[in-house]
There are 2 protein chains.
Amino acid sequence: MGKYKKSTRQALLVDKLSTNPFMTDDQLAQYFDVSIQTIRLDRLALNIPELRERIKSVAKEEKNKIRSLSLQEVTGDITEVEMNKRATSVFEVEESHTFLKYNVARGQYLFAQANSLCVAVIDQPVVLTKSAKINFVHQVKVQDKVVSNATVQSMTSKIAIIDVVSKVGDIVVFDGLFEMYFKKEDD
Amino acid sequence: MGKYKKSTRQALLVDKLSTNPFMTDDQLAQYFDVSIQTIRLDRLALNIPELRERIKSVAKEEKNKIRSLSLQEVTGDITEVEMNKRATSVFEVEESHTFLKYNVARGQYLFAQANSLCVAVIDQPVVLTKSAKINFVHQVKVQDKVVSNATVQSMTSKIAIIDVVSKVGDIVVFDGLFEMYFKKEDD
DNA sequence: TACTTATTAGTACCAACTACTAAGACCAAG
DNA sequence: CTTGGTCTTAGTAGTTGGTACTAATAAGTA
């Protein structure tokens, strides 16, 4: 099999280091079958610190930071809302979390962002997710800003169908179709 | 202040490094007001590894702690695993999980539990969620114990289809069909 | 004083980098 | 086809925090 192209390699690099932050540039170069310089350029581009710094940050008690990244905080910042029509939120993955937790959590955070946005766009006090069809289209890299857009497709007195597309730049990383259930205040 | 004699210094050195393993020989030399060589002889005599090795061993411990902590945090406790076949986890909804917006947390945590379970059931180092079709069947209350069951429906060399059903007692609260993508890695 | 232990100085070497320059490879458009 | 851009590789100098070793010196003791 041929080598990966740059973007793929960089995505895989993030992934690799998230599961195993103890790899040297040399080992990574052999793994991806590229030169050590390429790995270093990749790290530079992705803002990934060198081995010793990675290890040091793991060793120091960054576990508190990581622990604090619970799901309810990861809903992203809602930047625009047009009630019952559409909404936008932004979620930036911080580098301190990514190495350890990112792998497991990626799917969960993208879903959480989208789900929260769906709740926010509906102008009702109680909004529940009923069902969803979701796709994780593309990997998210370190420090990527995930911009999520929710658009209400249809809305009855109890159910809203909302389409969500999350992008990093121009690249779609996640999309989903959410069916939200809500109750009017006096129910 | 006079310098310590050898035995005292070495005892203090062990103490110092046990509370702060991040000190370089240079810093230690200044601290004890001896030459760097003395510190190195001390470490040699006491079988204390160099800074980087000390940090690495701390990092490895820390990583395991964090991993189990964050996994437990997100997934609940995985109680049974039959690799590549099925797995079960239990997640108890605490107040903190429902803290801001009950409904938001509910969806995200149920999804997170299911998603994590799908990652755990596949015996591969890197497992990513590709897509999912999920249903939030019934509401979950605080202190409910959500028992999630994942069953691998089919599995190729790259993709696994997993069915997840989450229940509180006998009542189904969530179900989902997950398409997981994984990579074999010989490292 | 001679002997032993403790300390210091200094050299060569290493891993795993950073930061930089320069050149070649590859593809895409004018 | 050639020019330009990105991508990749090569190579050098310098850094940190060491190891491993030799040699000289200082301090304490018989």
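All values below come from the heavy atoms of this structure, side chains included, with hydrogens, waters and symmetry mates left out. Lettering of chains follows the sequences in order, A, B, ..., and the numbering in each one begins at 1. Only a predicted model underlies this, so the values are computations on that prediction, with no experimental measurement involved.
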Item to check | Between C:dA9 (P) and B:I39 (CD1): distance, integer Å | outcome: 13 Å
Next on the checklist: Looking at B:R52 and D:dT16, is any side-chain donor or acceptor paired with a base atom of the opposite kind under 3.5 Å?
Outcome noted: yes
Checklist entry - To the nearest Å, how far apart are A:K5 NZ and C:dC26 P? => result 17 Å
Checklist entry - Does a nitrogen or oxygen in the side chain of A:T38 sit under 4.0 Å from OP1 or OP2 of D:dT9? => result yes
Checklist outcome for this item: Assign each of A:L44 and B:I36 the nucleotide of DNA chain C bearing its closest heavy atom; nearer the 5' end lies the nucleotide of B:I36
Next on the checklist: By the 4.0 Å heavy-atom rule, please label A:Q37 as base, sugar-phosphate, or nothing.
Outcome noted: base
Checklist entry - Just wondering, do A:V147 and A:N149 contact through their side chains at under 4.5 Å, heavy atoms? => result yes
Next on the checklist: In whole Å, I'd like the distance from the CG atom of B:D42 to the P atom of D:dT19.
Outcome noted: 12 Å
Checklist entry - OP1 or OP2 of C:dT7 sitting under 4.0 Å from any side-chain N/O of B:R9? => result yes
Item to check | Whole-Å gap separating P (D:dG5) and NZ (A:K6) | outcome: 16 Å
Checklist outcome for this item: Ranking C:dA9, C:dA16, C:dT7 by distance to the side chain of A:L51, first place goes to C:dA16
Checklist entry - In whole angstroms, how far is the P atom of C:dT7 from the CD atom of B:Q10? => result 8 Å
Next on the checklist: Test side-chain hydrogen bond (donor to acceptor under 3.5 Å, both in side chains) on B:D175 and B:N135; report intermediate values, then the result.
Outcome noted: CA-CA 5 Å; B:D175 70 71; B:N135 293 297; 3.2 Å; yes
Next on the checklist: Return the CZ to OG distance between A:F136 and A:S166, rounded to the nearest 0.5 Å.
Outcome noted: 9.5 Å
Item to check | Distance, rounded to the nearest Å, where B:D26 contributes CG and D:dT19 contributes P | outcome: 13 Å
Checklist entry - For D:dG17, does either OP1 or OP2 sit under 4.0 Å from a side-chain N or O belonging to B:R40? => result no
Checklist entry - When you match B:L41 and A:D25 each to their closest nucleotide on DNA chain C, which lands nearer the 5' end? => result B:L41
Next on the checklist: Tell me whether A:L17 shares a hydrophobic cluster with B:I55, the cluster being built from Ile, Leu, Val, Met, Phe, Trp, Tyr side chains joined at under 4.5 Å.
Outcome noted: no
Checklist entry - With a distance cut-off below 6.0 Å to the six-membered ring centre and an angular limit of 45° from the axis, does B:K56 pair with A:F22 as a cation-pi contact? => result no
Next on the checklist: Side chain of A:R43 only, heavy atoms from C-beta on: which candidate in D:dT19, C:dC17, C:dT8 is closest?
Outcome noted: C:dC17
Checklist entry - Please give, in whole Å, the distance from D:dG18 P to B:K56 NZ? => result 13 Å
Checklist entry - What is the distance from CD of B:E50 to P of C:dA16, rounded to the nearest Å? => result 10 Å
Next on the checklist: Measuring to OP1 and OP2 of C:dT8, would you say a side-chain N or O of B:S35 lies under 4.0 angstrom away?
Outcome noted: yes
